[in-house]
Novice: 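The following block contains the structure, expressed as structure tokens.
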Amino acid sequence: MPTSLNVRTFHREDRDQLTDLINAHVAAVVPGAGVSVNTVISSLERRPDEYVLDPWVAERVTLVVEHRRRIVGAAHLLRYRNDPDVGEDFRDAGSLLWSVHLPVEPDAPAQDRESVDGTAGDEEQVADLLLSACLAQFTRWHVRVRYADGQLPAPGVYGVPAPWPHISTALERAGFVHTGGTEILLLAPLSDLPDPALAPPLPGLTVHRTLGAGLGIRLTARSGADDLGYVELDTSLGRPERHARPGGMADLSDFGLPDDAHPELFRWLLGQARAWLALCGVDRVLTYAAPDETDDLALLAAGGFRELTRTARGWEHRPS
């Protein structure tokens with residue numbers, strides 16, 4: 001292993017390089033997405049959006065791999081409390097919340113694999129050194145179980161997405177196994193959603209805007225006193241510190257339709273959503289579905305959504 005590789009705890013002066021490394025991984029999953037330095041630093045200290053899980057955290061550690069003063073790998077670890085108020089699965093657990101490192105071309109000649117972008121040690125050595133340090137930290141914490149994820153502080157980036165084969169293979173070498181499910185990430189440019197001028201599929205149909213249970217904007221299709229279906233939109237993804245390009249991003253966080261819903265009702269609701277999101281300055285919409293949710297996937301495809309990638313959720317350290 002190159003002697004110039006060094007793994008250590010994160011220092012505040014690493015913040016710009018760490019943000020660049022994180023944003024490179026984010027942009028490989030969601031086109032044009034990125035986060036600010038402040039967002040990265042804040043996420044290392046606490047995760048206010050995780051109002052259930054974050055209060056359970058007892059300790060946080062961020063590790064970096066440095067080569068000649070360049071950050072070429074990093075990981076963020078959590079230790080959850082062993083207290084009765086902590087959920088059973090997380091009680092006394094360690095979590096590798098995310099790990100990132102620079103990849104190299106898999107078919108590169110051996111002499112080229114000794115450097116990452118001309119400056120860093122072999123990619124496998126960087127990843128293995130980083131994950132070995134993570135496992136050593138878990139050992140010092142005496143945790144009961146060790147989880148892993150790829151939950152970067154950016155919309156749509158969680159699990160281990162398909163565009164990160166260098167991350168999944170590194171986790172597998174370290175003894176982590178994918179034990180959970182797979183989720184499909186879908187994206188629609190706002191212009192691909194149905195036209196807001198689309199005629200209502202039923203006479204007397206109106207849309208009502210309220211605050212949804214998930215703190216998003218809920219648009220409900222109503223006929224008289226009857227609610228016929230809804231979509232819920234999270235526009236907080238588009239706040240300035242969470243994107244690095246003009247325009248904004250929103251999340252179709254939930255929707256509900258009765259079994260006997262009119263076949264055009266969902267498209268009409270998406271058209272109403274498009275009108276609202278245009279006023280919010282949004283130009284792209286994310287949403288998520290499991291591969292076996294075929295009815296939902298068909299509705300989303302008919303509404304303008306296309307598969308962006310798939311992500312493997314739920315990793316656990318189970319060395320052979």
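Index from 1, following the sequence. Treat the numbers as computed from the prediction; the structure is a model and nothing was measured.
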Novice: For Val65, run the side chain to side chain contact (heavy atoms under 4.5 Å, CB included) check against Ile71, Asn6, Val126 and tell me which one passes.
Specialist: Val126
Novice: Heavy atoms, side chains only, cut-off 4.5 Å: are Asp283 and Pro189 in contact?
Specialist: no
Novice: Taking the side chain as every heavy atom from C-beta outward, state whether Ser95 and Leu77 have any atom pair closer than 4.5 Å.
Specialist: no
Novice: In sequence, state the C-alpha distance, the side-chain angles, and the governing distance for Val177 and Glu316, and then conclude on side chain to side chain contact (heavy atoms under 4.5 Å, CB included).
Specialist: CA-CA 5 Å; Val177 177; Glu316 188 174 331; 5.9 Å; no
Novice: Would you say the side-chain atoms of Asp83 pair up with the backbone N or O of Asp85, donor to acceptor, closer than 3.5 Å?
Specialist: no
Novice: Between Arg47 and Asp49 (salt bridge meaning N to carboxylate O under 4.0 Å), is one present in this structure?
Specialist: no
Novice: Can you name the nearest heavy-atom pair linking Val285 to Leu252, along with the distance?
Specialist: CG1-N, 3.8 Å
Novice: Under the 3.5 angstrom rule, does the side chain of Gln17 hit a backbone N or O of Arg69 as a donor-acceptor pair?
Specialist: yes
Novice: Hydrogens and angles aside, do Arg146 and Thr139 bring a side-chain donor and acceptor to less than 3.5 Å of each other?
Specialist: yes
Novice: Considering residues, nucleotides and ligands other than Arg8, do more than 12 of their heavy atoms fall under 6.0 Å from its CZ?
Specialist: yes
Novice: Does any donor atom in the side chain of His25 or His166 lie under 3.5 Å from an acceptor atom in the other side chain?
Specialist: yes
Novice: Please tell me if the side chains of Leu53 and Leu78 come closer than 4.5 Å, counting only heavy atoms from C-beta onward.
Specialist: no
Novice: Give a yes or no answer on whether the side chain of Glu232 reaches the backbone of Asp254 with a donor-acceptor pair at less than 3.5 Å.
Specialist: no
Novice: Would His317 and Leu135 count as a side chain to side chain contact (heavy atoms under 4.5 Å, CB included) if you check the C-alpha gap in whole Å, the side-chain angles of each, and the deciding distance to 0.1 Å?
Specialist: CA-CA 9 Å; His317 192 240; Leu135 294 175; 3.7 Å; yes
Novice: Side chain to side chain contact (heavy atoms under 4.5 Å, CB included) between His101 and Ile167: does it pass, once the steps are laid out?
Specialist: CA-CA 8 Å; His101 66 272; Ile167 302 296; 3.6 Å; yes
Novice: So, using salt bridge (Lys or Arg N to Asp or Glu O under 4.0 Å) as the criterion, who are the partners of Asp259 when residues are at least two apart?
Specialist: none
Novice: State, with a plain yes or no, whether a side-chain heavy atom of Pro153 is found less than 4.5 Å away from one of Val26.
Specialist: no
Novice: Restricting to non-hydrogen atoms, name the atom on Ala133 and the atom on Val7 that form the minimum distance, rounded to 0.1 Å.
Specialist: CB-CG2, 3.8 Å
Novice: Is it the case that the side chain of Thr220 and the backbone of Tyr230 share a donor-acceptor pair, with hydrogens and angles ignored and the cut-off at 3.5 Å?
Specialist: no
Novice: For the backbone of Arg12 and the side chain of Arg15, can you confirm whether one donor and one acceptor N or O come within less than 3.5 Å of each other?
Specialist: yes
Novice: Is the closest side-chain donor-acceptor distance between Thr39 and Ser36 under 3.5 Å?
Specialist: yes
Novice: Classify the ring geometry between Phe90 and Trp56 as parallel (under 30°), tilted (30 to 60°) or perpendicular (over 60°).
Specialist: tilted
Novice: Any carboxylate oxygen within less than 4.0 angstrom of a Lys/Arg side-chain nitrogen, looking at Asp54 and Arg60?
Specialist: yes
Novice: Name the atoms and distances for all side-chain donor-acceptor pairs under 3.5 Å in residues 198-207, with sequence neighbours left out.
Specialist:
{"unit_1": "Thr206", "atom_1": "OG1", "unit_2": "His208", "atom_2": "NE2", "d": "3.2"}
{"unit_1": "Thr206", "atom_1": "OG1", "unit_2": "Arg222", "atom_2": "O", "d": "3.3"}

Novice: Does this structure show an ion pair linking Glu88 with Arg91, if we count only N-O contacts that are shorter than 4.0 Å?
Specialist: no
Novice: Tell me the closest heavy-atom pair linking Gly73 and Leu130, and the distance in Å.
Specialist: C-CD2, 4.2 Å
Novice: Could you tell me whether a side-chain N or O of Asn23 sits under 3.5 Å from a main-chain N or O of Val35, the two making a donor and an acceptor?
Specialist: yes
Novice: As a test of understanding, state which of Thr311, Val157, Leu171 forms a side chain to side chain contact (heavy atoms under 4.5 Å, CB included) with Trp164.
Specialist: Val157
Novice: Can you see which heavy atom on Ala221 is nearest to which on Leu265, and at what distance?
Specialist: CB-CD1, 3.8 Å
Novice: Does the side chain of Glu50 reach to within under 4.5 Å of the side chain of Pro48, using non-hydrogen atoms?
Specialist: no
Novice: I'd like to know if the side chain of Arg274 reaches the main chain of Leu193, judged simply by a donor and an acceptor atom lying under 3.5 Å from each other, with no hydrogens or angles considered.
Specialist: yes
Novice: Taking Tyr158 as the fixed residue, which of Glu183, Arg313, Gln151 is the one that meets the side chain to side chain donor-acceptor pair (under 3.5 Å) rule?
Specialist: Glu183
Novice: Are the side chain of Asp227 and the backbone of Gly229 linked by a donor-acceptor contact shorter than 3.5 Å?
Specialist: no
Novice: Can you check whether Leu300 reaches Phe266 side chain to side chain, under 4.5 Å on heavy atoms?
Specialist: yes
Novice: Could you tell me whether the side chain of Val61 reaches within less than 4.5 Å of the side chain of Trp141, counting heavy atoms only?
Specialist: yes
Novice: Looking only at non-hydrogen atoms, find the nearest pair between Cys134 and Leu96 and report the distance.
Specialist: SG-CD1, 3.9 Å
Novice: Let me see the working for Met249 and Leu286 under side chain to side chain contact (heavy atoms under 4.5 Å, CB included), right down to the final yes or no.
Specialist: CA-CA 7 Å; Met249 188 180 299; Leu286 288 169; 3.3 Å; yes
Novice: Tell me whether Val145 is reachable from Leu131 by hopping between hydrophobic residues (I, L, V, M, F, W, Y) whose side-chain heavy atoms are closer than 4.5 Å.
Specialist: no
Novice: Is there a donor-acceptor pair under 3.5 Å between the side chain of Arg218 and the backbone N or O of Val231?
Specialist: no
Novice: Would you say Trp276 and Arg209 make side-chain contact, with heavy atoms under 4.5 Å?
Specialist: yes
Novice: Which heavy atom of Leu44 sits nearest a heavy atom of His76, and at what distance?
Specialist: O-CE1, 3.5 Å
Novice: Between the side chain of Asp14 and the main-chain N/O of His11, is any donor-acceptor distance below 3.5 Å?
Specialist: yes
